[in-house]
Trainee: 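If you scroll down you'll find the structure; I have some questions about it.
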Number of protein chains: 2
Amino acid sequence: MTADGSCKPRARDGPVTSAIEPQKARRLYLLLRDQITSGRLPSGARLPGEPVLAAEHGLARVTVRRALDLLASEGLVRRRPGSGTFVQGPAGARPVIGDLPNLLSGLIAMGRATGVRLLSFEYVAAPAIIAEALLLEPGERVQRSVRVRLIDGQPFSYLTTHVPERVGLSYSEADLAATPLLSLMERSGVTADRATQAIGATLAGPEVAQALDLEVGSALIDLTRVVFDRSGRGVEHLHALYRPDRYAFQMDLVRTGDAGERRWTPAVPRPVKPESPRRPAARRPAP
Amino acid sequence: MTADGSCKPRARDGPVTSAIEPQKARRLYLLLRDQITSGRLPSGARLPGEPVLAAEHGLARVTVRRALDLLASEGLVRRRPGSGTFVQGPAGARPVIGDLPNLLSGLIAMGRATGVRLLSFEYVAAPAIIAEALLLEPGERVQRSVRVRLIDGQPFSYLTTHVPERVGLSYSEADLAATPLLSLMERSGVTADRATQAIGATLAGPEVAQALDLEVGSALIDLTRVVFDRSGRGVEHLHALYRPDRYAFQMDLVRTGDAGERRWTPAVPRPVKPESPRRPAARRPAP
DNA sequence: GCAACCTGTCTGCATAATCGGACAGGTGAG
DNA sequence: CTCACCTGTCCGATTATGCAGACAGGTTGC
């Protein structure tokens, strides 16, 4: 049928732009999961009944159930028929605390078992962004490596590093799989002197999601760090993605300056001392 | 006809746990958007033709189109019939740079127009997490406010603050809508002395998404800061969510210490000087 | 001008997600 | 015990999403 042409009048001017909403079940699932892993829904809490959740979010109960089912299958929630659904808590999994490139030594000092998986290792022409950040000639060759860092056997960060060829040639693929990059560079005479880093957030794409053992679309901390040597030449470009449930940036700040012009300055990062395993998101400052 | 009962045998034992994949169109959209905003697909680049993308990702061309349509409607991409689809670049929208609670003064110094929308203001019994962080008695009353911060008229952060009643009473709702919280507290004799903050990442829930003018499920920077006064009493609990495309945490690090035990320490944050408007993600360190 | 390649648009069709409602059975408080 | 409330489960109807293929028309390079 589809008569002549006037069928389906549709919005003519507006580009429709239907925005592609994520499925409702998934949406609720991610939302709840996030509230649980972030501690907003504390362990042991009983969350609203399915009919209530359905009403609040404008969903059918079946849909709410799908979200809860997923949470339950991951152990984040426990359902007791007739009683309710209770937060099981990520519990023993408060994020590891890191702040600066000192992180690794800190972790090792704490006696945590860290590991690295080297996913790729190659020399390529520097992509435009990398070249610009490291102050290289466009097209200059760089060593590109992708690693996944593990703690206690679980992946928590996905690292992509670019290093100028001259620096990268001083160590081997095997070295990289075993030793922190900065140590390797130091060992071969390159001295890291200054660095710039920016922290943001992104969503997990397929590769990263698989490597970090999570779902596409999960939230990730996004860190870009550029390291320079004494003479101002770029020696490392790091792009790191962290699972926020296993890693967080933590820093203490102190108010300094005289009455008129006071400002916050970062407290000298204290050597990370082994502390009680589970910790609330915010800690007390050093007394 | 859904015969008798043997139709659709389904997995009987396994709890199915079908994982609820996000729709493919959205998935591709997120992927591409991320590559664009992160600079991996540089502005001006021509991305693969629709048939190619479809093949690579195992999708129908129509599906690929939906993803590209969305990108186009957001101005991230420009489509030229017969020629191809080109990255338009987030271009004029590199994130504002912030690092510490000094941010605001920095922004003002840069002459950017900032604004605040006060979404809610009330006194409530302190939620467990807040009480614990601020070292309050459980159930003590706190002032809870939700604000959205704007820059150049566009929302970039969603702030939820909890302040002990005794502190909060020293200023009014109107004050809060006009003046930074720390200034208010300072003005009434409370001196912020130390703070602890942790940075992570989360997904945007419905309320936040609406307030920040983005889609549910977008990635957000998640900052929790607890401020203490001189005597160690908690005076403010801040939970901030930032749009990563409009805001990023940026810091410079310097290698200090003698040969044996070197570590990274944050460089004193330089007064933010007005710089050329658009900036690559990583900056050169101070010479 | 021609061929190759691209986006724009349409049409049906298959499948998965969601909805609304109904019923069974467990739990907990009065 | 009884009632209110909760989860577990099933159903049919509706809608969104994705698929395959085809055609129109602009762009580019030879």
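Small disclaimer: the values here were computed from a predicted structure and weren't measured. Residue numbers start from 1 in every chain, and the chains themselves are labelled A, B, ... in the order their sequence lines are given, proteins ahead of strands.
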Trainee: Among C/dT7, D/dG18, D/dC10, which nucleotide has an atom closest to any side-chain atom of A/Val62?
Mentor: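 Nearest to the side chain of A/Val62 among the choices is D/dC10.
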Trainee: Students often mix this up, so state it plainly: with edges at 30° and 60°, are the rings of B/Tyr242 and B/Tyr247 parallel, tilted or perpendicular?
Mentor: parallel
Trainee: A/Leu28 CG to C/dT18 C1': how many Å, rounded?
Mentor: 13 Å
Trainee: In whole angstrom, what separates A/Leu47's CG from D/dC5's C1'?
Mentor: 15 Å
Trainee: Give the nucleotide from the list C/dC10, D/dG18, C/dT7 with an atom nearest to the side chain of B/Glu50.
Mentor: C/dT7
Trainee: Kindly state which residues belonging to residues 53-61 of chain B come within less than 4.0 angstrom of DNA chain C, counting heavy atoms of the residue only, listed by number.
Mentor: B/Arg61
Trainee: Over how many whole Å does the gap from B/Arg26 atom CZ to D/dT17 atom P extend?
Mentor: 11 Å
Trainee: How is B/Arg46 classified with respect to the nucleic acid when contacts are heavy atoms under 4.0 Å: base, sugar-phosphate, or nothing?
Mentor: sugar-phosphate
Trainee: Can you tell which of D/dG8, D/dA20, D/dG18 lies closest to the side chain of A/Arg79?
Mentor: D/dG8
Trainee: Nearest to the B/Arg65 side chain among C/dG8, D/dG8, C/dA17, which nucleotide is it?
Mentor: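 Minimum distance to the B/Arg65 side chain belongs to C/dG8.
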Trainee: Measure CZ/B/Arg66 against C1'/D/dC19 and give the value in whole Å, please.
Mentor: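 Result: 10 Å.
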Trainee: Identify each atom pair where a protein N or O and an N or O of nucleotides 27-30 of chain C are less than 3.5 Å apart, giving names and distance.
Mentor:
{"residue": "C/dT27", "atom": "O4'", "partner": "A/Gly82", "partner atom": "O", "Å": "3.4"}

Trainee: How long is the straight-line distance from OG1 of A/Thr224 back to CD1 of A/Ile130, given to the nearest 0.5 Å?
Mentor: 8.5 Å
Trainee: Above 12 or not: heavy atoms from other molecules or residues under 6.0 Å from CD of A/Glu165?
Mentor: yes
Trainee: Applying salt bridge (Lys or Arg N to Asp or Glu O under 4.0 Å) to B/Glu50 and B/Arg79, what does each step give before you reach the verdict?
Mentor: CA-CA 11 Å; B/Glu50 294 172 6; B/Arg79 331 188 63 180; 2.4 Å; yes
Trainee: Got a sec: does the CD of A/Glu122 have more than 12 other heavy atoms crowding it under 6.0 Å?
Mentor: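 Enclosed.
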Trainee: To the nearest Å, give me how far apart CZ (B/Arg78) and P (D/dT27) are.
Mentor: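 Going from B/Arg78 (CZ) to D/dT27 (P), I get 11 Å.
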